[in-house]
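The next block holds one structure in the form of structure tokens; read it before the comments.
Values below: every heavy atom of this structure, side chains too, minus hydrogens, waters and symmetry copies.
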Amino acid sequence: MTDTATNASPPRLYEIVERALRSSIGVGRLPAGLVLLEGPIAEVFQTSRAPVQRALARLEADGLIHRFEGRGFLVGPEAAGVAPLRADIRGFGLDAAEEIDEAQQSRASWERIYATAERQIASCLVFGRYRIVEAEMADHFGVSRTVVRDVLGRLQERGLIEKNASSHWIAGPLTARAIRELYEMRRLLEPPALVSAAPSLPHGEVEAMLDRLRRAEAAGPLPEIMDAVEEDLHVRCVLATPNARLADALRHNQLPLLATHAFTRSLGIADDQPILTEHRLVLELLAQEAWPAAAAVLETHLQAAERRAVARLKTLAVIPVPANLAPYLTKTSEHG
């Protein structure tokens, strides 16, 4: 068996939905002009709306479906000019129940350890380059190596780790140069993503984020509150962009920085008070539908965040490597 086959991750739910819809459109099973709605599609595939939303966004990016004045999408390119065809999608022979069931079972296995693995691996990035030993990671979590590879594959997709020429999983180091490059990418990508996402953000949801943030300002930047504040702006708002490829690129650049910041916050050396103010200014402008202004303030926030991240790195340079790093992490000189 090849290394690629050995380390291949099972398809995710949105990929299964996308593939089934793409195939059905390609062979004409779903006719041009058919109205595609998230709810009925989710019922057909027996899943939540989130994977359906992502699948539809990817199909839209490829021009296979398009938005129209009504709710949902129409099958076919926008230039086709076909009239909307409203019909029960259950009558078009879509079926991926067995594949969906297998993916959900696999997801249950890797999801159980993913968040912990992400946090543990992020904790070593600023202390140098580490090799992740699959067998020891499997023993540590009490799972199979297949599940471990699934988790590591997702962390690789999101930019936290990489494979080197020897097919070893490598984490770190997160250097000042790497921080600057990651933030440069975020400054280029996040403001336009926010502008494209803003019209579809429910006003009540933005107000709820603002309310949560104002409570955080009153209570002080507690770690558990700050995690939610970061997710509100950089995930729930920015990653709501309808451009699926842009969202994927952003996830790749966000994770190493957000995960490492969460680790330094746990050490008590993160200065989170300015973040609350900066996030509030962005959300207030979003609530006022001043979207270009919100994007400009977001760019300013990312510039300030970069300076803080580099300063934190200098502080960490004088801190001993924690003795409680996960046992599957081994310091190495191997390059990625």
Quick one: closest heavy-atom pair of [X] and [Y], and the distance?
{"X": "V151", "Y": "M137", "value": "CG1-CE, 4.2 Å"}
{"X": "L125", "Y": "P256", "value": "CD1-O, 4.3 Å"}
{"X": "R187", "Y": "L302", "value": "CG-CB, 3.7 Å"}
{"X": "A176", "Y": "L313", "value": "N-CD2, 3.2 Å"}
{"X": "A193", "Y": "T241", "value": "O-CB, 3.7 Å"}
{"X": "L30", "Y": "V75", "value": "O-CG1, 3.7 Å"}

State, yes or no, whether a side-chain contact exists between [X] and [Y] at a heavy-atom distance under 4.5 Å.
{"X": "V310", "Y": "K314", "result": "yes"}
{"X": "R186", "Y": "L257", "result": "yes"}
{"X": "E278", "Y": "V297", "result": "no"}
{"X": "I170", "Y": "Y130", "result": "no"}
{"X": "L213", "Y": "L233", "result": "no"}
{"X": "L281", "Y": "T300", "result": "no"}

The complete set of salt bridge (Lys or Arg N to Asp or Glu O under 4.0 Å) pairs with one or both residues in residues 135-147, sequence neighbours excluded, reads E134-R145
Within this structure, what is the [atom1]-[atom2] distance for the pair [X] and [Y], rounded to the nearest 0.5 Å?
{"X": "L34", "Y": "I25", "atom1": "CG", "atom2": "CD1", "answer": "8.5 Å"}
{"X": "L188", "Y": "E299", "atom1": "CG", "atom2": "CD", "answer": "8.0 Å"}
{"X": "E43", "Y": "D88", "atom1": "CD", "atom2": "CG", "answer": "9.0 Å"}
{"X": "L255", "Y": "L250", "atom1": "CG", "atom2": "CG", "answer": "12.5 Å"}
{"X": "T277", "Y": "Q273", "atom1": "OG1", "atom2": "CD", "answer": "6.0 Å"}
{"X": "E162", "Y": "L160", "atom1": "CD", "atom2": "CG", "answer": "10.5 Å"}

Sequence neighbours left out, what passes salt bridge (charged side-chain N to carboxylate O under 4.0 Å, His left out) with R236? Give chain and number order.
E205, D232
Is there a path of hydrophobic side-chain contacts, each under 4.5 Å between heavy atoms, that joins [X] and [Y]?
{"X": "L189", "Y": "L201", "answer": "yes"}
{"X": "M185", "Y": "V238", "answer": "yes"}
{"X": "V206", "Y": "V195", "answer": "no"}
{"X": "I16", "Y": "Y14", "answer": "no"}
{"X": "I161", "Y": "V133", "answer": "no"}

Holding to side chain to side chain contact (heavy atoms under 4.5 Å, CB included), I want the full list of residues that pass it with [X], two or more places apart in sequence or in another chain.
{"X": "H252", "value": "none"}
{"X": "P173", "value": "R129, T175"}
{"X": "A309", "value": "I179, Y183, R312"}
{"X": "V35", "value": "L37, F68, L74, P84, R86"}

Step-by-step side-chain contact (heavy atoms from CB on, under 4.5 Å) determination, L194 to E190
CA-CA 6 Å; L194 183 64; E190 286 199 29; over 6 Å; no
Are any side-chain N or O atoms of [X] and backbone N or O atoms of [Y], one a donor and one an acceptor, separated by less than 3.5 Å?
{"X": "S123", "Y": "Q120", "value": "yes"}
{"X": "S167", "Y": "K163", "value": "no"}
{"X": "N164", "Y": "S166", "value": "yes"}

Under the side-chain hydrogen bond (donor to acceptor under 3.5 Å, both in side chains) rule, collect the residues that match up with [X], sequence neighbours excluded.
{"X": "D211", "value": "R215"}
{"X": "E207", "value": "H203"}
{"X": "N243", "value": "none"}
{"X": "N324", "value": "none"}

Run the numbers on R22 and L59 for side-chain contact (heavy atoms from CB on, under 4.5 Å), then give the verdict.
CA-CA 7 Å; R22 184 183 295 273; L59 294 173; 3.8 Å; yes
For H301, the ring pair (Phe, Tyr, Trp, His ring centres under 6.0 Å) test, sequence neighbours excluded, returns H234, H279
Among all residues two or more places apart in sequence or in another chain, which pass the ring pair (Phe, Tyr, Trp, His ring centres under 6.0 Å) test with F92?
none
Could you walk me through whether L56 and L21 satisfy the side-chain contact (heavy atoms from CB on, under 4.5 Å) test, starting with their C-alpha distance in whole Å, then the side-chain angles of each, then the deciding distance to 0.1 Å, before giving a yes or no?
CA-CA 9 Å; L56 292 174; L21 293 174; 4.1 Å; yes
Check the pair W169 / Q156 against side-chain contact (heavy atoms from CB on, under 4.5 Å), numbers first and verdict last.
CA-CA 9 Å; W169 295 105; Q156 181 187 33; 3.6 Å; yes
Kindly indicate, with the supporting measurements, whether the criterion salt bridge (Lys or Arg N to Asp or Glu O under 4.0 Å) is fulfilled by E15 and R19.
CA-CA 6 Å; E15 293 173 327; R19 185 164 60 242; 6.0 Å; no
Carboxylate-amine/guanidinium proximity below 4.0 Å for E181 and R177
yes
D248/R251 salt bridge by N-O under 4.0 Å criterion:
yes
Which is it for R212 and E231 under the salt bridge (Lys or Arg N to Asp or Glu O under 4.0 Å) test, yes or no, and what are the steps along the way?
CA-CA 12 Å; R212 180 161 45 247; E231 183 170 341; over 6 Å; no
